[in-house]
Structures are given as C-alpha cells and as structure tokens.
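Okay, so here's the structure we're looking at.
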There are 2 protein chains.
Amino acid sequence: MQRRQLLDELVSKGIRLTSQRRAVISVIQEAKSHLDAGSLLDLARRLEPSLDRATVYRTIGLLKKLRLIDELDLMHLEGEKHYYEVRTEGDHIHLACFGCGMIQEFTSPLFDRLKEEITRTAGFEIRVARLELGGFCPKCSSRHRGEEEEKTKTSVKH
Amino acid sequence: MQRRQLLDELVSKGIRLTSQRRAVISVIQEAKSHLDAGSLLDLARRLEPSLDRATVYRTIGLLKKLRLIDELDLMHLEGEKHYYEVRTEGDHIHLACFGCGMIQEFTSPLFDRLKEEITRTAGFEIRVARLELGGFCPKCSSRHRGEEEEKTKTSVKH
DNA sequence: AAACTTTCTGCGACTCAGTCGCAAGAACGG
DNA sequence: CCGTTCTTGCGACTGAGTCGCAGAAAGTTT
C-alpha cells in the first residue's frame, strides 16, 4: 500500500488525477535514488511519452505544496538542480560527499529534539526542515588529506 | 579588526588582492542582511563601477572554496537565488517565514551535538553544515490558520 | 453516455542565475 | 619598472524553471 500513498492522498484532497500525474508520482515513488526534474521527466516519459517539462514542474509544485514530497539541494554537487523525495515520517539528514558524490541519509533523535527546541524557544511553526551536510565520507576522508593547499590555487569549483 | 578578517585571510594564503575583490569582500562583510549575487553586484559597483557579474561569481566561488563564506538558500523564498554570509565560529540555523519572508538565525548546543554525533557515528568529515527551516514565525503562525485547505486549490506557489 | 464546467496539458517563447573562452589589464616579486 | 602570472570585463552561452494560451481531458450532472 506504500505505493498508492501519494495517489490516495491526492484523491482525498479532491485533486484531479491525470495520466501525467500518475506517471510522475509513480516514478518518484519507485525511485531508488534522489531524482531531479530532468531525470524525472525522462523516466516518466516512458510511461507517458507526451509528457512535457512544464507539467513535471507543475506536478512537483503541487506535491511540494501539499507537503507530500521534499525538495533537496544535495549541496549542488552537480549543478544547480533540485532533487525530490517522498516525505517520510521523521525528517532525515543528508550527507553529501565532495569526493565521490555519495549521498547518505542519517536519522537521529537529536534532530527531532533540536526541532522541538526551536518550536518551543523561537515560537516558530516548522513546516519544512532541511539539513544537509557537505564533506567527506570515510573512504574519501582518508584519501584527500594533504591535497588542500594546492586546490586553493587551481580550479575554483563548487 | 573584524572588518579586515577576510582580507587578511586571503593575503596569508597568497591570494592576489584586486580592487574588485576588495569591493565584493567589503560589501559582504558590512552587509546587514543576507545578500544574493545580484545585490552584491549592485552594492559593490558603488565602490568599483566597472565590476562585472562574472567577477562577482568568481569571487564568491573563491571565498566558498576557502570556506570563508557560507552559501544559503533561505528556502528559495524569492526565486532560485543563493545568499551569502561570512562564516562565523559556530554554525547557525536559519528560520525562514513563508508568511512575511522574515529570516531569523538560531543557535543551539544541540546542533553542535548533532554534528558531533554524525562525525562519530557515520565517520563523516563535515565541511559545510546547512540547516534551514521553513514555516511560520510567531506573528504569521496565528494569522494563517484556516487558510490551508483553500490554498491547495488555488495558486501553487513555492 | 452526452453535455458541461472546471481544471490540466503541451507548446513555444521567455526569464534569469550562473558559466566560459578570450584578449586586454593589473598584481607583486625581483 | 619589468616580466610573469593571475585576474578582469566582455559577450555569448547554458540550463533550470516559468508563463500565457488554446486545445484536451477529468469528473460531475442529468
């Protein structure tokens, strides 16, 4: 039933279901990695060949507004794209490795406590929480030591 | 001496100082709010009228790479821009209000503990930590209740 | 199942942040 | 003040995302 989650949610809100929306939603839900709008379009077009870029963006906008998906930057490791994932129970943290591009997810009760503290202390009503960390995964961490000073003088990427 | 911080940092790394870089750096440092590349260009041009867009982006890239400034999204409240701020001792959290656009900063020992936990547990070497929350500030929080269901059917913005 | 209202889609043109190659110009060590 | 090396401005370009519109579907009504 995990798979009908988003669809049901839309129906219950009285949102019109079209084959295009079904295609986009299906792709987001089956996705094994975080997809950007472009990949989403390519994959969904296999189910609905006439699907247009604009419709993908509009559907993303809709799902974002309904808080059914979350938007991520993943430290802009490869361009200024945005990535999307189905919203889950608890928020999780994304770790992005500058070395190999790996994305890892992480959950912690401390994160929930932190959000709770903010709600309480600042009186802020949290709707979206995005915590992204950039750095080096264990493998790349040992590998990149010593390359620092040089890099400064060469390419200024990211 | 807060004001010479970035400049000194560059000199000590053997980075060449140009009037353009001085202008951009000065603006970032004096800024009272978070500036995007466009505003940065406008303001820095008052000090260095010939300054070009490309140079601003290159300088931002340089400062980012040297980890002297941080890049923020501020929940993309007004377009897909990026915002910049001078890096401070401890990382802080940004709260962005969907209602009035206000940006508030927040610090908490819990945040540091969370990062420490990630470093320890996941073996991840954190270089950049970005925590942004979107929601409603105290004022807007009380004001927007009840407008939810309608919004769904109208404009799909943000 | 036809008719009808409302909402959605594809299209094409557009906007806007950010990038790139290049030739001219500036930094700073000698 | 000279020469090497790095930086800049310029203009053209890329690529994500948006918008208005006319035609096409969704869901409802009879």
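Below, chains carry the letters A, B, ... as their sequence lines are ordered, and counting in each starts from 1. All values below were derived from every heavy atom in this structure, side-chain atoms included, with hydrogens, water molecules and symmetry-related copies excluded.
Under the 6.0 Å distance and 45° angle rule, A:Lys115 counts as a cation-pi partner of A:Phe111.
Checked against salt bridge (Lys or Arg N to Asp or Glu O under 4.0 Å), B:Glu116 has the following partners two or more places apart in sequence or in another chain: B:Arg120.
In this structure, B:His82 atom NE2 and C:dC16 atom C1' are separated by 13 Å, rounded to whole Å. Whole-Å rounding puts the A:Lys64 NZ to D:dT18 C1' distance at 12 Å. To the nearest angstrom, C1' of D:dT14 lies 16 Å from CD of A:Glu78. Summarising the geometry, the separation between CG on A:Leu51 and P on D:dA25 is reported as 14 Å, rounded to the nearest angstrom. Regarding A:Asp42, its CG atom lies at a distance of 14 Å from the C1' atom of D:dG15, rounded to whole Å. Rounding to whole angstrom units, CG of residue B:Leu62 and P of D:dC6 are separated by 13 Å. In this structure, B:Ile60 atom CD1 and C:dG18 atom P are separated by 7 Å, rounded to whole Å. One interatomic measurement links the two molecules: CG of A:Asp52 to P of D:dA16, which rounds to 14 Å at whole-angstrom precision.
The phosphate of D:dG17 (OP1 or OP2) has a side-chain N or O of A:Tyr57 nearer than 4.0 angstrom. Of the side-chain N and O atoms in B:Gln20, none sit less than 4.0 angstrom from OP1 or OP2 of C:dA26. Note on B:Thr55: a side-chain N or O is less than 4.0 Å away from OP1 or OP2 of D:dG9. Look at B:Arg21 and you'll find a side-chain N or O under 4.0 angstrom from OP1 or OP2 of D:dT7. In this model, the phosphate group of D:dG9 is approached by a side-chain N or O of B:Ser50 to a distance below 4.0 Å at OP1 or OP2. For the OP1/OP2 pair of D:dC6 and a distance below 4.0 Å, the side-chain nitrogens and oxygens of B:Thr18 include no atom meeting the criterion.
A:Ser19 comes within contact range of no nucleotide atom at all, as no heavy-atom separation falls under 4.0 Å. Base engagement by B:Arg53 is indicated by at least one non-hydrogen atom pair under 4.0 Å involving a base atom.
Using a cutoff of 4.0 Å between basic side-chain nitrogens and carboxylate oxygens, A:Arg87 and A:Glu85 are not scored as salt-bridged.
Here the options are B:Leu10, B:Leu6, B:Leu17, the test is side-chain contact (heavy atoms from CB on, under 4.5 Å), and the partner is B:Arg22; only B:Leu17 passes.
Nearest-nucleotide positions on DNA chain C for A:Thr59 and B:Lys81 put A:Thr59 closer to the 5' end. Of the two residues contacting DNA chain C, namely A:Arg45 and B:Ala37, the nearest-nucleotide position lying further toward the 5' end is that of A:Arg45. Checking B:Arg16 against B:Ala54, the closest nucleotide of DNA chain D that is more toward the 5' end is the one next to B:Arg16.
Side-chain to base pairing of A:Arg58 with C:dG10: one donor and one acceptor N or O lie within less than 3.5 Å of each other.
Minimum interatomic distance between B:Ala96 and B:Leu74 (heavy atoms only, all atoms of both residues): CB-O, 4.2 Å.
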